[in-house]
Peer 1: 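One structure is given below, represented as structure tokens, and several questions about it will come after.
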Amino acid sequence: MKDLLRTADLSRADVELLLNTATDFAANPLRSNTALANKSVAIYMTKPSTRTRLASETAVAHLGGTPIFIRGDELQLGRGETIADTARIISGYCDALIIRTFAQSDVNELGANATVPVINGLTDDDHPTQLLADWVTIRENFGADIAGRKFVYLGDGNNMAHAWLTMGAIMGAHVVAATPTGAWAPDAKVVAQAKAIAATTGATIEVTNDPEAAAKDASVLYTDVWMSMGDPEAERIEKTKALSPFAVSQQLMDLTAKDSIFMHCLPAHREEEVATSVIDGPKSVIWREAYHRRTTIQALLYHLTRGELQGR
Ligand code: CP
Ligand code: NVA
């Protein structure tokens, strides 16, 4: 496996390896501080980022490499140079590329034309590196035996919902996406793919529009912003109305299992997709989850640049 373009690229063994290494990096961030010595990693983003950018830059630094951050408007790509040519040029100077942008197809094209690893740092369709941090956090709370547990995402059927269902499928988990029907439901192709993966791993994939039934006895309630980067502002009012039953309220949290946790990829909008009492309450693990963005990107860079991931 050269690239991490989609969550579905990862095998269960890859995820296990990455989670274990991330746990090591959490205990000892400088364990492999020469792994990327004399190497550079380009981080190219055409959308804003707090966590992914800083986690990536610090992960490269902890591995002894040099991060090179490039804003979307700074490359000749914006002036008509092709993705393929850009990929070849970056491959000549850098040892990996982390990209955040809109179209998944642009990331796929970069991966196909770059000779160095390309990592998806979020597209409109997927957010694979977030899910690695989420699953280290899930492991820290529940251990590896997740039989009988239910992992529930509530809200927009967006990139996070896709990644949530897909990673849950890979991990053999019972995952649920509770979303509105219609325009803000998850992509049917992604759901079908998650179900196909689930058939090989023993996972259960459930898509529902009933937030109470989803929350009942859940081990995790997870949510994301209602307006993603790039979403049309004109949809805000209609979308907010459609999503309001899926807000993680205290009442919804009270339906969950006794040892349940609340997760959010962040950034968060308190009193919109989640109640302040939940996100800032005792069940919230958001800071640890955000911290693991670095440990997992560090693990991913470490294993991908050494050619140690198999892919699915
Ligand atoms: N969760 C996440 O990807 O955060 P940023 O948008 O700040 O990178
Ligand atoms: N769905 C959000 C995730 C942010 C990390 C977005 O794409 O903006």
Peer 1: Once you round to the nearest 0.5 Å, how far does CD1 of I297 lie from OG1 of T58?
Peer 2: 8.0 Å
Peer 1: Do R293 and S56 make a side-chain contact, defined as non-hydrogen atoms from C-beta onward lying under 4.5 Å apart?
Peer 2: no
Peer 1: Side chain of K2, backbone of A114: donor and acceptor closer than 3.5 Å?
Peer 2: yes
Peer 1: Any side-chain to backbone donor/acceptor pair from K150 onto A214? Under 3.5 Å, distance only.
Peer 2: yes
Peer 1: Counting N and O atoms only, with roles assigned by atom type, does the side chain of S284 sit under 3.5 Å from a partner on the main chain of I279, one being a donor and the other an acceptor?
Peer 2: yes
Peer 1: Mind listing the closest non-hydrogen atom pair of A299 and A22 along with its distance?
Peer 2: CB-N, 3.8 Å
Peer 1: So, for A178 and F246, which heavy atoms are closest and what is the spacing to 0.1 Å?
Peer 2: O-CD2, 3.3 Å
Peer 1: Given salt bridge (Lys or Arg N to Asp or Glu O under 4.0 Å), test K239 with D156 step by step and report yes or no.
Peer 2: CA-CA 9 Å; K239 193 171 184 185; D156 188 12; 2.7 Å; yes
Peer 1: Using only heavy-atom distances, determine whether the side chains of Q193 and T166 contain a donor-acceptor pair under 3.5 Å.
Peer 2: no
Peer 1: Check N158 against M160 and note the closest heavy-atom contact, atom names and distance.
Peer 2: OD1-N, 3.0 Å
Peer 1: Would M45 end up clustered with V60 when hydrophobic side chains under 4.5 Å apart are linked, directly or stepwise?
Peer 2: yes
Peer 1: Would you check if there is a donor-acceptor pair between the side chains of D126 and T7 at a distance under 3.5 Å?
Peer 2: yes
Peer 1: D254 and Q250: side-chain donor and acceptor closer than 3.5 Å?
Peer 2: yes
Peer 1: Can you tell me how far the NZ atom of K283 sits from the CE atom of M263, to the nearest 0.5 Å?
Peer 2: 14.0 Å
Peer 1: Check for a donor-acceptor pair, side chain of Q298 on one end and backbone N or O of P29 on the other, with a separation under 3.5 Å.
Peer 2: yes
Peer 1: Side-chain contact test, heavy atoms from C-beta onward, threshold under 4.5 Å: evaluate it for I119 versus T129 and give yes or no.
Peer 2: yes
Peer 1: Does any non-hydrogen side-chain atom of I70 lie less than 4.5 Å from one of I43?
Peer 2: no
Peer 1: For M1 and L4: C-alpha separation, side-chain torsions, deciding distance, then whether side-chain contact (heavy atoms from CB on, under 4.5 Å) applies.
Peer 2: CA-CA 8 Å; M1 172 173 171; L4 176 58; 3.8 Å; yes
Peer 1: Using a 3.5 Å distance criterion without hydrogens, assess whether the side chain of E273 forms a donor-acceptor pair with backbone atoms of H269.
Peer 2: yes
Peer 1: Does L122 form a side-chain contact (heavy atoms from CB on, under 4.5 Å) with M229? I'd like the steps, not just the answer.
Peer 2: CA-CA 10 Å; L122 183 144; M229 295 179 279; 4.2 Å; yes
Peer 1: Could you walk me through whether L97 and L110 pass the side-chain contact (heavy atoms from CB on, under 4.5 Å) check?
Peer 2: CA-CA 9 Å; L97 166 66; L110 268 169; 4.0 Å; yes
Peer 1: Check this for me: N38, atom CG, are more than 12 non-hydrogen atoms of other residues, nucleotides or ligands nearer than 6.0 Å?
Peer 2: no
Peer 1: Show your working on side-chain contact (heavy atoms from CB on, under 4.5 Å) between T86 and I90 and close with a plain yes or no.
Peer 2: CA-CA 6 Å; T86 306; I90 290 174; 3.9 Å; yes
Peer 1: Once you measure the plane-to-plane angle for F151 and W164, does it fall in the parallel (<30°), tilted (30-60°) or perpendicular (>60°) bin?
Peer 2: perpendicular
Peer 1: In terms of hydrophobic clusters joined by side-chain contacts under 4.5 Å, are I83 and V116 together?
Peer 2: no
Peer 1: Taking the six-membered ring of F69, is NZ or CZ of R53 closer than 6.0 Å to its centre and within 45° of its axis?
Peer 2: yes
Peer 1: Tell me whether S249 contacts the main-chain N or O of L252 through its side chain, where contact means a donor paired with an acceptor under 3.5 Å.
Peer 2: yes
Peer 1: Any chance you could measure T296, atom OG1, to L132, atom CG, to the nearest 0.5 Å?
Peer 2: 5.5 Å
Peer 1: Side chains of D210 and E212, heavy atoms from C-beta outward: is any pair under 4.5 Å?
Peer 2: yes
Peer 1: Cluster question for you: counting only ILVMFWY and a side-chain heavy-atom cut-off of under 4.5 Å, with indirect links fine, are M171 and V136 together?
Peer 2: yes
Peer 1: So E238 and K241, salt bridge (Lys or Arg N to Asp or Glu O under 4.0 Å) or not? Walk me through it.
Peer 2: CA-CA 5 Å; E238 194 193 344; K241 202 166 150 226; over 6 Å; no
Peer 1: Is it true that, when you exclude I237 itself, more than 12 heavy atoms of the residues, nucleotides or ligands shown sit nearer than 6.0 Å to its CD1?
Peer 2: no
Peer 1: Could you tell me which non-hydrogen atom of T256 sits nearest to which non-hydrogen atom of A218, and how far apart they are?
Peer 2: CB-O, 3.4 Å
Peer 1: For the hydrophobic clusters of this structure (ILVMFWY residues joined by side-chain heavy atoms under 4.5 Å, transitively), does one cluster hold both V248 and V220?
Peer 2: no
Peer 1: Does a side-chain heavy-atom distance below 4.5 Å link F262 with I286?
Peer 2: yes
Peer 1: Which heavy atom in T52 sits nearest to a heavy atom in G121, and how many Å separate them?
Peer 2: CG2-O, 3.8 Å
Peer 1: Roughly how far apart are D125 CG and N159 CG, rounded to 0.5 Å?
Peer 2: 8.0 Å
Peer 1: Report yes or no: does D3 contribute a side-chain atom to a donor-acceptor pair with the main-chain N or O of L5 at less than 3.5 Å?
Peer 2: no
Peer 1: Does any N or O in the side chain of T23 come within less than 3.5 Å of the main-chain N or O of L19, such that one atom is a donor and the other an acceptor?
Peer 2: yes
Peer 1: Going through the checks in order, is the salt bridge (Lys or Arg N to Asp or Glu O under 4.0 Å) test met by R312 and D9?
Peer 2: CA-CA 6 Å; R312 213 171 40 82; D9 292 346; over 6 Å; no
Peer 1: Roughly how far, to the nearest 0.5 Å, is CG of L300 from CG of D14?
Peer 2: 9.5 Å
Peer 1: Do S219 and R149 have side-chain N/O donor and acceptor atoms under 3.5 Å apart?
Peer 2: yes
Peer 1: Examine distances only and state if a side-chain atom of N141 and a backbone atom of T137 form a donor-acceptor pair shorter than 3.5 Å.
Peer 2: yes
Peer 1: Do T223 side-chain atoms and L154 backbone N/O form a donor-acceptor pair below 3.5 Å?
Peer 2: yes
Peer 1: Would a 4.5 Å heavy-atom cut-off, applied to side chains only, mark T123 and N120 as touching?
Peer 2: yes
Peer 1: Are side-chain N/O atoms of Q310 and S11 paired as donor and acceptor at under 3.5 Å?
Peer 2: no
Peer 1: Between Q130 and D134, is the side-chain hydrogen bond (donor to acceptor under 3.5 Å, both in side chains) condition met? List the steps.
Peer 2: CA-CA 6 Å; Q130 176 68 48; D134 296 342; 2.9 Å; yes
Peer 1: Determine, for Y302 and R31, whether the Lys NZ or Arg CZ falls below 6.0 Å from the six-membered ring centre while staying within 45 degrees of the axis.
Peer 2: yes
Peer 1: Looking only at side chains, do E109 and N113 share a donor and an acceptor under 3.5 Å apart?
Peer 2: no
Peer 1: Going from CD1 on I138 to CG on L131, what distance comes out if it is rounded to the nearest 0.5 angstrom?
Peer 2: 8.0 Å
Peer 1: Taking atom types as modelled, find out whether T46 and R100 have a side-chain donor-acceptor pair closer than 3.5 angstrom.
Peer 2: no
Peer 1: Going by heavy atoms in the side chains, are W287 and L266 under 4.5 Å from each other?
Peer 2: yes
Peer 1: Locate the shortest heavy-atom distance separating D259 from F142; write the atom from each residue and the value.
Peer 2: O-CE2, 3.4 Å
Peer 1: Whether R139 and E16 form a salt bridge (side-chain N of Lys/Arg under 4.0 Å from carboxylate O of Asp/Glu) is what I want to check.
Peer 2: yes
Peer 1: Scan side-chain atoms only and decide if E289 and H264 contain a donor-acceptor pair under the 3.5 Å cut-off.
Peer 2: no
Peer 1: Would you indicate whether the side-chain heavy atoms of D124 and Q104 approach each other to under 4.5 Å?
Peer 2: no
Peer 1: Report yes or no: do D85 and Q76 form a side-chain donor-acceptor pair below 3.5 Å?
Peer 2: no
Peer 1: Side chains of R12 and T201: any donor to acceptor distance under 3.5 Å?
Peer 2: no
